[in-house]
Visitor: 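Supplied in structure tokens, the structure appears directly below.
Everything numeric here is computed off the predicted structure, so don't read it as measured data. Chain identifiers are assigned alphabetically (A, B, ...) following the order of the sequence lines, protein sequences preceding nucleic acid strands; residue numbering begins at 1 within each chain.
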Protein chains: 2
Amino acid sequence: MNRLIETLKENECKVTLQRIAIYETLKNTKAHPNAEAIYKQLSPKYPTISLATVYKSLELFVSLGLIQAINVEENSFRYDGNFKSHPHLICSKCKKVEDLDEHPFANLCREVETLSGYSIEKQQLNFYGLCPDCIQKS
Amino acid sequence: MNRLIETLKENECKVTLQRIAIYETLKNTKAHPNAEAIYKQLSPKYPTISLATVYKSLELFVSLGLIQAINVEENSFRYDGNFKSHPHLICSKCKKVEDLDEHPFANLCREVETLSGYSIEKQQLNFYGLCPDCIQKS
DNA sequence: ACTATTCATTATAATCAGTATAAAATAATG
DNA sequence: CATTATTTTATACTGATTATAATGAATAGT
């Protein structure tokens, strides 16, 4: 939360209750919610918060590098409170999205630069399949 | 195109002019167009074709494994006439999407299975950065 | 602390991608 | 060639996201 406040001030953005609440909500979950889900989670506690504010705040946080937007094969964007690049696991049955924290793919970028001539800024690794829970059940 | 016709017949789907045209359009480009772009490209030659047909045909082709849908950080899906999994390079300046054909990442899936306990069916590797052309220009 | 200014929030309307529906057209089959 | 089932078309609709304009709140300067 300090990180949020510092970053907002550094960039001359106002520190508002809504921004803090949205940031906190995202930091306190591993569920990779979309804007709608964050809005619904906040609604009981902040009944007047607007969905547009959620969208705008998330967009701002992404542009400031505080969080990341992730797009799995869905029609809405999800958000990840962890700004560090890491692979995501998507269960095609229960649709949950998990992080793969310990992995040896931290720096494929350099290799891709050599192969392609691109200068790579970001890598996005998504793996689709069945999670252990769903394997068990089937 | 033979592949399309065979696959359609095997699956008891009708072979229509529209489906052939859409498939051909996608096979003959490396630009990874979205449905709208395919529709616009076909419109002059097939003025009565409907956007809905484009969407439905693409969906069908994906389900038959003839093409693949790819999602980079955009609000629409793009399509790739190559059904084999391969990494994509996205230029953050000119927004083009290219294939990385020769690469050593063909089978990260097995490794991810061991690390995660998931059973992985598909991997999606996207690399974002500047393409050689845009590096030159800047 | 008080006030002015600026930025953020809210509510709502608008947009855009994609999907559903129902009537008309076409492909496959005998 | 006629029948039948599927596909296409045009249009309406949905759901996610963005734009707009008015209100409200955070900050800077007193």
Visitor: May I have the distance from A:N11 (atom CG) to C:dC7 (atom C1'), rounded to whole angstrom?
Guide: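 About 14 Å, once rounded to whole Å.
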Visitor: Hey, are the side chains of B:L89 and B:V97 touching, using non-hydrogen atoms and a 4.5 Å cut-off?
Guide: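 Counting from C-beta outward, B:L89 and B:V97 never come under 4.5 Å.
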Visitor: Give the rounded distance in Å between these two atoms: CD of A:E73 and C1' of C:dG18.
Guide: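 These atoms are roughly 15 Å apart.
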Visitor: Quick test of your reading of the model: are B:E73 and A:K122 salt-bridged, counting only N-O distances below 4.0 Å?
Guide: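 Result for this pair is yes, salt bridge flagged.
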Visitor: Stepwise, does the side chain to side chain contact (heavy atoms under 4.5 Å, CB included) test hold for A:C109 with A:E121?
Guide: CA-CA 8 Å; A:C109 292; A:E121 291 150 5; over 6 Å; no
Visitor: In residues 26-61 of chain B, which ones come under 4.0 Å of DNA chain C, going by heavy atoms?
Guide: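 B:A52, B:Y55, in order of number.
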Visitor: Round to a whole Å and report the spacing from CG of A:L17 to P of D:dG24.
Guide: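 The distance from CG of A:L17 to P of D:dG24 comes to 16 Å, rounded to the nearest Å.
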Visitor: Any side-chain to backbone donor/acceptor pair from A:S63 onto A:L60? Under 3.5 Å, distance only.
Guide: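 Flag set: sc A:S63 to bb A:L60 pair under 3.5 Å.
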Visitor: Would you say the side chains of A:Y118 and A:E113 form a donor-acceptor pair under 3.5 Å?
Guide: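 No, no side-chain donor-acceptor contact under 3.5 Å.
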Visitor: State whether A:F83 and A:R3 meet the cation-pi test: NZ (Lys) or CZ (Arg) under 6.0 Å from the six-membered ring centroid, and within 45° of the perpendicular axis.
Guide: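 Yes, A:R3 lies over the aromatic ring of A:F83.
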Visitor: Under the 3.5 angstrom rule, does the side chain of A:Q68 hit a backbone N or O of A:K84 as a donor-acceptor pair?
Guide: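 At least one qualifying donor-acceptor pair exists.
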Visitor: Please confirm whether the shortest side-chain N or O distance from B:R19 to OP1 or OP2 of C:dA27 is below 4.0 Å.
Guide: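 Answer no for this pair, as no side-chain N or O of B:R19 is under 4.0 Å from OP1 or OP2.
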Visitor: Please figure out whether B:N75 or A:Q18 has its closest DNA chain D nucleotide nearer the 5' end.
Guide: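 Whichever sits nearer the 5' end wins; that is B:N75.
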Visitor: Side chains of A:H86 and A:D101 only: does a donor on one sit below 3.5 Å from an acceptor on the other?
Guide: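 Side chains of A:H86 and A:D101: no pair found under 3.5 Å.
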Visitor: A quick test of your reading: do over 12 heavy atoms of other residues, nucleotides or ligands sit less than 6.0 Å from NZ of A:K27?
Guide: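 Check passes, neighbour count above 12.
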Visitor: What's the CG-P distance between A:L8 and C:dC7, to the nearest Å?
Guide: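 About 14 Å, once rounded to whole Å.
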Visitor: Take the protein atom CZ of A:F77 and the nucleotide atom C1' of D:dT18, then report the distance between them rounded to whole Å.
Guide: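 The distance from CZ of A:F77 to C1' of D:dT18 comes to 13 Å, rounded to the nearest Å.
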Visitor: Could you tell me, to 10°, how much the axis swings from one end of the helix from C:dA1-D:dT30 to C:dG30-D:dC1 to the other, five pairs per end?
Guide: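 That helix gives 40° between its end axes.
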Visitor: Testing the 3.5 Å rule here: is there a donor-acceptor pair between the side chains of B:Q124 and B:N71?
Guide: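 Indeed, the side chains of B:Q124 and B:N71 share at least one donor-acceptor pair under 3.5 Å.
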Visitor: Distances under 3.5 Å between protein N/O atoms and the N/O atoms of nucleotides 28-30 of chain C, please, pair by pair.
Guide:
unit_1, atom_1, unit_2, atom_2, d
C:dA28, OP1, B:V15, N, 3.4

Visitor: If the threshold is 4.0 Å, N to carboxylate O, is there a salt bridge linking A:K93 and A:D133?
Guide: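 Here A:K93 does not pair with A:D133 in a salt bridge, since their nearest N and O are not under 4.0 Å apart.
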